[in-house]
Structure formats: structure tokens, C-alpha cells
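All values below were derived from every heavy atom in this structure, side-chain atoms included, with hydrogens, water molecules and symmetry-related copies excluded. A quick note: this is a predicted structure, and the numbers were derived from the prediction, not measured.
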Amino acid sequence: MATYSWKSRTRNYEGEKEKLKLESEETTNHPLKPLVVSEVKKIGRDGSKKEKEKSKPATPLDPLSSALDGSDPLSMFAAAAAAAKPSSGGLDPLSGNMGTDDIDSGSVDKGEVEESLEPWASRKANILAIYTTSEKLSITTSFLSPADREKVVVKSQVAQSTVTDKVKNRLEQLDDFEEGSVKEMLNLSQQEYVMRIEELNSALVSAWEHDQKVKALKIAIQCSKLLVDTSVIQFYPSKFVLVTDILDTFGRLVFDRIRQKSSYIPPGSKKPQVLPENFTPDQVPESAKETCRNWFFKIASIRELIPRLYVEAAILKCYSFLTTGEYSQALNRLTNQMRGIGDPLVAVYGRAYLSRVGMAVAPQVKSHHINNLYDFINSFSQLDSDTVQNILAMQRLDMPSYLNLYSPALDWILQCIAFKAAENTLTEILGKCKKNCNNALLLNSIMSAFKPEFVSRRAIEFLELIKECEEAGFPKHNLYRSLGTNLILAAPPEQHRRNILNEVWKAVMKFQTPAEYISCAEVWVEYPCKHFSKKEVNTILNDIIKHMTPDRAFENHYQELQSVVSKILSQMHDFSVLFSMDKFLPFIDMFQKDSVKVEVCKQIMESFCRHQTEPTHDPVIVNAAIFICKTMHDSIDALTLEDERRVIGNLISGFVRKISFGRDFEQQLSFCVEARGSFSNIDAVLITLVQCVNQLAAETRTLMKGNHSRKTAAFIRACAAYSFITIPSISGIFERLKLYLVSGQVAMLNQALSQADAFFKAAISLIPDVPSMITIDNKTRSSEPFLMSFLNQFLATLLVVPDNPEQGVLYLLRGLLNVLQDYVWDSNTDAKARIYISVLAVFSAMSQEVYPYHIYKVDSNDSLYGSDQKFIAEITTTTETLIKQILDYCKGLPQNDGGHKRQAALALEFFHTIVVHGDIKDESMAKLALNLWNLTQKNGYGDTKQMTSILNYVKKHGKGFGGKPYADLAGKMHLQSRT
């Protein structure tokens, strides 16, 4: 193979920059200004001119809306959902959506109900999770045993021809489910009981689908009877949820059935249509009304009170087929009938179901809600009756646990009363409580239901009620907790705030058990954070420590203590105030469990990084934050997950970046030294520290305007020493390489040439240790793309690094080439040859009299050598070796499995470098370029458009001054292309 020598093209970088500059043109319009449609004259066919159209600013295109014809995509989807909403029969009128169907005309909009009232669906999950039991349960029904299910013969759906056949079918169904077939299943676990309830629901739907309406009704009745049973009383709220779901299904099926039979003929039309969403009774045909009346008559004939009440309530919505004014009368009638239920727990849940149905079908009807509550208040004395006491004794249930069973029902009834209620409603209820039943259970539900604004304005009155109320087994700490929750959401009158805090805390301090105390303190700690100074907050923290330290009570209440920290952080964003409280860090010390303490520290530092917007050097903040960060850092060990390590590293790095000592650069460096000693096990923090120190050196240069004094020069060397010592501690090899490069660049910027040399030498010596494969995001990848990116940046820096007189010409670049020569490259990539091509481009720049860029007050090799012939000869010798190695590599590539494509790609890249950086006037260079072009053409690499563009580039250079060699080369290239 022929030997080629490299000859660089003489470059005038400044002139080239000027040529590449685009012509500037003054503009009178802002480029982002909305487009304006200009006036257009319309010309008719007859040639006459019509009126001018007015100019209109074009509507700016929203990138999100333009794809959907200009409408907001979120609104569009919402509109589509509204348009596709199924008929009222397809929705559960008693579900958590609180009746999105027909509602009596009134002042309450159904959308307001959904927004203002907490949906029942969200409460159901909590009730089922809280009210559980390990006791054995029983269920009485005739629809679950396999034998009974096999007895049921699915009736043919062939239309009955006569009324007699229909009656016969009904009687056959009644015979199948006579009272004697009822069976009781005993010793069911809670899970088995829930499964049986779900089977009942499925059986009801199946019976309805097979036109067995009597069976469906009997299932609904038997489900209602389950609500009479209080044998496992602590499970009763969950049983209520499960059974009423079945009743809701039954009510929906009945409503759907009647609506399907209610097709009507609109005025001016002959085709029957289904009732619209907001139909009126006038549109319902008489046959459908008759069917509706029959359902109510059937239910009215149920002998037992509780099933009759529940099943009628379930189909209450069907009154909309008969009349518009029946809801109020029906709801009040059912409310009065509820007084016949003897068990107070069963009664209160019956009232809750009635209130739920009322809100679904007629939210504007209010009277039955308040009557339900007053009936409960009037019968509250039943809770102390012998009957109830005997039940509690038999089931070994204490009074607090029993009263807790009432909370879901009472909360719902009161929420319905509080919906869009005026303040005088609360005044009226409180007056009733004072006279008849000032009980803690009821008072707690009242505070939970009404608007916080109403409660906060009466905070003093509520405090008096809490003091005087009958505790009767319902702990008072729940009352103080509920009151505190309201006062956090709505501030009380300013003149009462301190008095409220004093009165409440006097009571809270007297709680004997840590659980009662911390449940209140957890809520009330936010109150002084919002309305008082750090003194009050510090006092409360001190009190919490006193109460939770004896017998290590804090170990059982980490969750509540963690909530205290969260609430303090949510209100206090001035960390100089927060950390200056002498009880805050002792409070943090109560978290003795490592995992919990780390989570708390993470909370604190997340808040610090989010809210500490200005840099600080407050010693109180610095010392406290270092303590917290050290706690997080010391929790990391060999078993720590990578995600956890990353989170902690980011938080500590965020803290480090927030600390600034202004122009006291020495103090800033001392802080970084201290931080390195404290956080040496986390690479992310060490990287941040090195970057901060490099930034510190750069800021020093800016302050001195590049002219260092003896003191600042010594400081720069100290910064470089810090980085040089810290970088080897980082485990990631590419992170070390990048930091060596950046640190060397900063040292060069500050004229610390010996320190820069040390960084660059360290980087070169590290390259042999680069592994062939690295893991990124749990995926193994080749490291060569990352290594090539680093080497290209490194070569660009080495261009301006002056040679050390003691080391010889180009000693750093020679050392890099020696390392690259010995590095084990991947045989499936051409990274080695591509790097050598990049080195040729760097040598071309080094051959110029003036380099394309410089560092202020640093003399690069263009100044040191001045294009000395020995220096150029040294470059030429090295480039000849590189060219030979590149060509040998190309020749050695296999000609199968895509080897010829790789060869052509390398040849084209080499050709680019020669044309841009080489001197084509040199015959050897021109010959090499043509040979590379021919090799690319031979292997068919590159499409026609790409090759034509390259050829045009060479032709363009041939048209300039002294461009004959390029023109000749272009001619030969064109000839080769045609061949």
C-alpha cells in the first residue's frame, strides 16, 4: 500500500466565520406575533369588484387544540362523555354519584350535589376496611344452596299469549320459593359471608334477566331481613354496605324496566321513542304507570317492617313515573315509619339509607333529614337500656366500640343536613343537642359534617359543649381532634385564637394515654404554625417530647409523629426559624427506628430544597441540615437500593447547592471540605462538590477579571487540589473522566497550567480502565459511544493546551494516542479508526499559524512554536502513522456480514476530513481523497442525494480563488460516479 503524508490546508478561521454569517435584515414585525390575513378583493365572473373583506387577526394555533379542530382536548373528551352518557335507567340512582338522573324540580342542581357532597362510594371502602370481624357469621336465604339452585327451572322467554298463562307462571315461581325452602348457613367467615352476598347479587340480576321478577323481589326482601340480625354487631356497618348495594341494584332494575315500557309518541311523530332524560309524568303512558303502582302495592304488602321500608326506599325513584310532588310526602312517611324499629343501631342505619336515597332522587327535599336526626336524638336514651347492655355483654363489646358503630350512619345523615344548609341550621341543631342530647358521639359527627367556617366561628361555643358533653364511652380526644381539623381549614376570629389554643391544650395535656394525646397533638400542632410564632410551636414540641418519651411511647406512634413533622413543614418555610427552635432536633431524635428517621429526614430536606429559594450561609441552617443529611447518608450500606441511594444523593446535593458564603470563597471551600468528609459514600454528592468547587474557581476568576493575585492564585491551586483528591473517590469511571476534563479546563482558565496537566494526565491514565460494557438504567450497553464522545471533547481541549517544556512536543496528545493504540476496542465497531480521523482534524488545526480559539492569558502552541518547521514535521510524522493505521484498518475489515458497508462509511468520513481539513493542492492528499471516494462508490455506500451534495461541495470550492485542485478533484469524482 502506498504511503501518504498529511498536509493541512491553510485556514483563516476569522475569515471563514465572516463568510458563514447570515445577512441580517431589519424587521418591523415580531416573529411570534399572530398572523394577520390581508385584505383581498373579490372579483366576480363579470369582472366587477366586490366588497373588500375586513382584515382579521388569525387565531393563534394551540398545539394541543389544533389536532382536534380547535377545541380543547380535555373539554372535547368531557363533552363526548356527556353526549354518550347512557339513559337514566343505566345508572345506579343510589350509587356514589348521588343521583345523576331525574330529580324533582327545585333549587338544587344535581351537579352541585356531586361536587359538595362526599359520595357514598368513597365512604363504602372505608367502612368495609374498618368494620371487620373474626367471628362466625350466618346467612338465611333460599337462593344459595346448590340443591335449590338446581330446582329453579329457567322459564322459557316465549311471549305469553294470555293473561292466564302469565298468572300461572307467577304462581309456579311462588311455589318454588315457599317459606319452607328457606335455609340458614352457619359458621361463615367474613370472606365467605361477602362471597355469599355477592352470589345473592348475581342471583338477583340473573333472575331478573330470566323474567323471574317474583324471585328477584324475594331476594331483595331476604337481603333486607339480613339487616335485622345484629348477632355479630361489630360487623353490622359492613353488612349494611353489602346489603344496600343489592337493594340499589334491585331499585335500578325496577326503574329500568318501567322506563323500557314507557315508550311514547312525541307530538308530530308516529314512531315511539324511549323517555328522555328529564321526562315528566305526562309523558309516561298509563300502562307503565300501572306497572309502577303494582310494584309499590307489592312492596306495601310485605308483612315485616324493615324489609318493607328498605325495599320501598330502594325503588323510591320510580315515583317520578307517577307524579312530581310525591317525594317529600313519601320520604317523610318512611321517616315516621322508621320509628317502629326497636334496635337503635338498626334504626340509625335505616335512617341513613333513607337519607341516601333522598339525596339521590330529591336533593331539594330537606325535612326528612332533620327529622331523622331528631328521631335519633329523641331515642338516644335507648343506648343505655338493658336490652343494649345485654347485647354488649353477650358479645363482649365495650361501649366506646359500640358507639363507634354509629359514626358512619350519623356522619351521613348530618352531611345530608349540612348540604347547602345555612348557619341557622347548625344553631338549631346545637340548641337541640344542649337540651336533649349533648353527647360526644353526636357532637363529633356535627363538627365533621358542617362547613369548617361555621364551626370555626363557633369555636368557643363548641369548646364549652365539649367540656360539658356526656362522654358516654365516646372518647373526648376525638372531639378535640375534629375541632382542630375544622380550625385548621378555617381560621377562627382573631381575638379568640390564643384563648382557643390555651383552652384546648390544657385539656390535651391531661390525656393519660399516649395514643389519645398524640392523636390530638398531631392535628393541633398545625394551628400555632399558622397563627402564632415559633415560640408556641416550640412549646408544643417540647410538650410532645415530654408526653411521648416515658416508657418509650414514641415507638408505637411513629406515624403520628411523622405527621407532626409534615404539618410543621407545610406551614413553616423559613428554615432559619425552624432550625432555631431548640426542641425541633430533639423531636427528630425521637425517631429511633432507622428507616422511619431516614424518611423524616428526607421529608425535611425535600421541603428545604423546595422552599429555600435563596442561597444561605446561616450557621443554624448549615449545622442542622448537615446533621439531617448525615443521618440520611449514614443509613446507606451495601444493601441499599439504587433508587434510594439516588434520592438521598439528590437531596444532599440540593442542600450543598443552597449553601453560599458570598465572596468569602475560602469559607465556601472549607464547607465543601467538611461536606466531603461527611458524605463520602455517595457519588452524586461528591460529583456535586467537585462541580461546586470548579464553579468557585470560575467565580474567583470572574471577580479578578482573569488577573490573579498571589492570594487568589494560591486559592485556585487549593481548589484544583480539592478536585484532584476528590475525583478518585467516585466509582463511576465516566463521571471521573468528565470531571478530570472539566477540572482541567477550569484550571487552564485560571492559568494553573501544571494543575491542568495533572488532570489531563489522570484522565489519559484512566482510559485503559474503561470497561467494554456499562450498565445504564439496568440495561447493559457498549461503552464506546460514551468513550468517543468524551475523547472528542478531550481532543478539542488539547488543541489549546500548551506543551510543557520539560515533557517534549505534543506529549499529552502522544500519550493519548499510545493509550488508544493499546485499548481493546470492540471488533464490531469502528470507533478506533473514527477517533484517529478526529485526531487528524485536530492536527490540522495545530498546524495553523493561529488557532481557532484560545484561553485568556494562556499561550497555546501556536504562540509557543509559531509554526516552527520542526513542530510541523513532528505533526507530519505522526499523521503519516495515523493515516497508515486507518487505511490498514479499512483494508482488514471483512467483506461479508456488512463489512464492505463499514469500510465505505469509514472511507466517506475520512474523505470528509481530507476535503475540509487537508490540502488538496498536495498531490498525495488529492490522490488519497480520490481513492477514498472510489472506495465509497465501489461499495455503494450513501444514497444519490448524499453523494451529489458532497460532489457539489467540492465543486463549490473549485470555483473560488486557488480552487483548481478542487475542480480537478471534482471532475475525477464526477467521472468515477458516472462509471
Nearest atoms (heavy-atom pairs only) where [X] meets [Y]:
X: V685; Y: G649; answer: CG2-O, 3.8 Å
X: C629; Y: I652; answer: O-CD1, 3.7 Å
X: H368; Y: G358; answer: NE2-CA, 3.9 Å
X: I621; Y: S576; answer: CD1-N, 3.5 Å

Electrostatic pair K124-D245, nearest N-O below 4.0 angstrom: yes
field: Electrostatic pair E423:R458 at N-O distance under 4.0 angstrom
entry: yes
Under 3.5 Å: donor-acceptor pair, side chain of [X], backbone of [Y]:
X: S519; Y: E516; result: yes
X: H633; Y: N681; result: yes
X: T244; Y: V241; result: yes
X: N378; Y: Y374; result: yes
X: S238; Y: I127; result: yes
X: N486; Y: S456; result: no
X: N371; Y: S367; result: yes
X: D637; Y: T640; result: yes

Any donor-acceptor pair under 3.5 Å linking the side-chain atoms of [Y] with those of [X]?
X: K597; Y: T631; value: no
X: T132; Y: Q190; value: no
X: E536; Y: S533; value: yes
X: D543; Y: Y517; value: yes
X: S448; Y: D411; value: no

Would you indicate whether [X], at its atom [atom1], is surrounded by more than 12 heavy atoms from other residues, nucleotides or ligands within a distance under 6.0 Å?
X: D594; atom1: CG; answer: no
X: D551; atom1: CG; answer: no
X: K602; atom1: NZ; answer: yes
X: Q559; atom1: CD; answer: no
X: K593; atom1: NZ; answer: no

query: Between K658 and F608, is NZ or CZ placed under 6.0 angstrom from the six-membered ring centre and within 45° of the ring axis?
result: no
task: Report yes if the distance between the aromatic ring centroids of F380 and F376 is under 6.0 Å, otherwise no.
output: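 Between F376 and F380, which both carry aromatic rings, the centre distance is below 6.0 Å.
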query: So, do W505 and W524 have ring centers that fall under 6.0 Å from each other?
result: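 Ring centres of W524 and W505 not closer than 6.0 Å.
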task: Taking the side chain as every heavy atom from C-beta outward, state whether N444 and L410 have any pair of such atoms under 4.5 Å apart.
output: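 Contact flag for N444/L410 side chains = no.
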field: E555 vs Q592, side-chain hydrogen bond (donor to acceptor under 3.5 Å, both in side chains): CA-CA, chis, key distance, verdict
entry: CA-CA 8 Å; E555 292 181 343; Q592 306 257 321; over 6 Å; no
